[in-house]
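Order of the sequence lines sets the chain letters (A, B, ...), proteins ahead of strands, with each chain counted from 1. As the structure is a prediction and not an experimental result, all values here were calculated from the model.
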Protein chains: 2
Amino acid sequence: MSDTELYSIKETSEKTGLSEDTIRYYEKIELLPRAKRKGNTHRVYRSEDLFMMKIITCLKKTGMSLDEIRPYMNLSSFNDDLTASPELYELLQEHKKKIENQMASLQQIMDLIDSKLLQGNVISEPCTITGGKQTMPMKSREDKTP
Amino acid sequence: MSDTELYSIKETSEKTGLSEDTIRYYEKIELLPRAKRKGNTHRVYRSEDLFMMKIITCLKKTGMSLDEIRPYMNLSSFNDDLTASPELYELLQEHKKKIENQMASLQQIMDLIDSKLLQGNVISEPCTITGGKQTMPMKSREDKTP
DNA sequence: ACTTGACTTGGAGCTGACTCCAAGTTATAA
DNA sequence: TTATAACTTGGAGTCAGCTCCAAGTCAAGT
């Protein structure tokens, strides 16, 4: 398993679509583990590392914040023995639900428009989903390891 | 039509869930039109205005940026004669597609995990959607609307 | 030995979307 | 009338997620 091919940060950037700066930034905020160094200076990455970065990109695409993604990265290795991590799977399911809610929200607007609720009647209870608090900013930074 | 009931910014805030600051901010960035003033100073809002704010909240929930939302607000009134705005409808359809793509992204990760692509093999082409900008094959998601 | 280029670090700057504040004005109630 | 609450404005600050930059280091080629 795990071929021994190593990649520079430039190659890694090319292969993952993340900029070099972004990769270093992810390391800085500890979203990615500190990369191994060649001669104690230049970063080197293995396929597994690229894989993690791609996962991050995937999750981001679905609207996850980096803070929300972090727990996934902390799960041992993500590579070996993932099925033994029902926690991850559940988090994913949860997130999927959020996206489904988003779609429902959108669907409601579309319906609203379709059904001409807008014409004449309008203005009473336009978009029920609006009521709640839900997916707003959500700040919970208190762990800032020195 | 349109009842004549008027709301202060506080009432409006309460009814829409947006903070007073946010409402003023939306006016400042011209996402909302400049509100009418009572005695030339205090803002007053009508039901239609609240409706607009709720629409904004809805769209934001589905991941639209304020800049993306602005065109919708510029469409004449949103209230009267909406069906005569196929532009809006089309924009919405487009946005909906984006969300569907997000879901597809997520689904791919879930599939990835399910299928144990992760075990042993791993690391070759983990999440195809990551590669390009869009272009994903898009497994036709049969709609699950009730 | 020298130049070039890829890399390093720390930190500054930027955008979006707020959120907070101070200082002033107006409306209302006692 | 006066105190208080509600509101106004302009501008500063915050937070996430980058992006850019300067100054320095290191490896390889000539």
> What's the NE2-P distance between H42(B) and dT8(D), to the nearest Å?
Replying inline: 6 Å
>> Measuring from atom OG of S8(A) to atom OH of Y45(A), what distance do you get when rounded to the nearest 0.5 angstrom?
In response: 9.5 Å
> Between atom CD in E20(A) and atom P in dA6(C), what is the gap in whole Å?
Replying inline: 9 Å
>> Nearest to the side chain of K10(A), heavy atoms from C-beta on, is which of dA6(C), dT26(C), dT19(D)?
In response: dA6(C)
> Within the structure shown, what part of the strands sits under 4.0 Å from R24(A) by heavy-atom distance: base, sugar-phosphate, or nothing?
Replying inline: base
> For the side chain of I9(A), counting heavy atoms from C-beta on, which of dC18(C), dC7(C), dA27(C) is nearest?
Replying inline: dC7(C)
> If you measure from CD1 on I29(A) to CG on L66(A), what distance do you get to the nearest 0.5 Å?
Replying inline: 5.0 Å
> Starting at CD of E27(A) and ending at C1' of dT9(C), how long is that distance when rounded to a whole Å?
Replying inline: 11 Å
> Is the shortest distance from a Lys or Arg side-chain nitrogen in E27(A) or R37(A) to a carboxylate oxygen in the other one below 4.0 Å?
Replying inline: yes
> Whole Å only: how far is the NZ atom of K38(A) from the P atom of dA28(D)?
Replying inline: 7 Å
>> From the set dG17(D), dT19(C), dT9(D), return the single nucleotide nearest to any side-chain atom of Y25(B).
In response: dT19(C)
>> Between R34(B) and K60(A), which residue's closest nucleotide on DNA chain D lies nearer the 5′ terminus?
In response: R34(B)
>> Given dG16(C), dA16(D), dT19(D), identify the nucleotide with an atom nearest to the side chain of D67(A).
In response: dA16(D)
> With a 4.0 Å cut-off on heavy atoms, is I29(B) in touch with a base, just the backbone sugar-phosphate, or nothing at all?
Replying inline: nothing
> Are L18(B) and M73(B) connected in a single hydrophobic cluster, I mean Ile/Leu/Val/Met/Phe/Trp/Tyr linked by side-chain heavy atoms less than 4.5 Å apart?
Replying inline: yes
> Expressed in angstrom and rounded to an integer, what is the separation of Y26(A) atom OH from dA16(D) atom C1'?
Replying inline: 11 Å
>> Looking only at the side chain of S19(A) (C-beta and beyond, no hydrogens), which of the listed nucleotides dG17(D), dT19(C), dT19(D) gets closest?
In response: dT19(D)
> Crowded around E30(B) CD? As in, over 12 foreign heavy atoms under 6.0 Å?
Replying inline: no
> Does T22(B) place a side-chain N or O at less than 4.0 Å from the phosphate oxygens OP1/OP2 of dA17(C)?
Replying inline: no
>> I want to check one thing: is the phosphate of dA17(C), taken as OP1 and OP2, less than 4.0 Å away from some side-chain N or O of R70(B)?
In response: no
>> Salt bridge or not between K60(A) and E68(A)? Use side-chain N to carboxylate O under 4.0 Å.
In response: no
> Starting at CG of D21(A) and ending at P of dA22(D), how long is that distance when rounded to a whole Å?
Replying inline: 13 Å
> Could you state the CD-P distance from E11(B) to dA6(D), rounded to the nearest angstrom?
Replying inline: 11 Å
>> Counting only side-chain nitrogens and oxygens, does S8(B) get under 4.0 Å of the OP1 or OP2 atom of dA6(D)?
In response: no
> Which listed nucleotide (dT19(D), dG17(D), dT8(C)) is nearest to the side chain of S65(A)?
Replying inline: dG17(D)
> Across the strands shown, which category fits K28(B) at heavy-atom distances under 4.0 angstrom: base, sugar-phosphate, nothing?
Replying inline: base
> Side-chain N or O of R43(B) less than 4.0 angstrom from OP1 or OP2 on dC7(D)?
Replying inline: no
>> Whole angstroms only, please: what is the CD1-P distance between I23(B) and dA6(D)?
In response: 16 Å
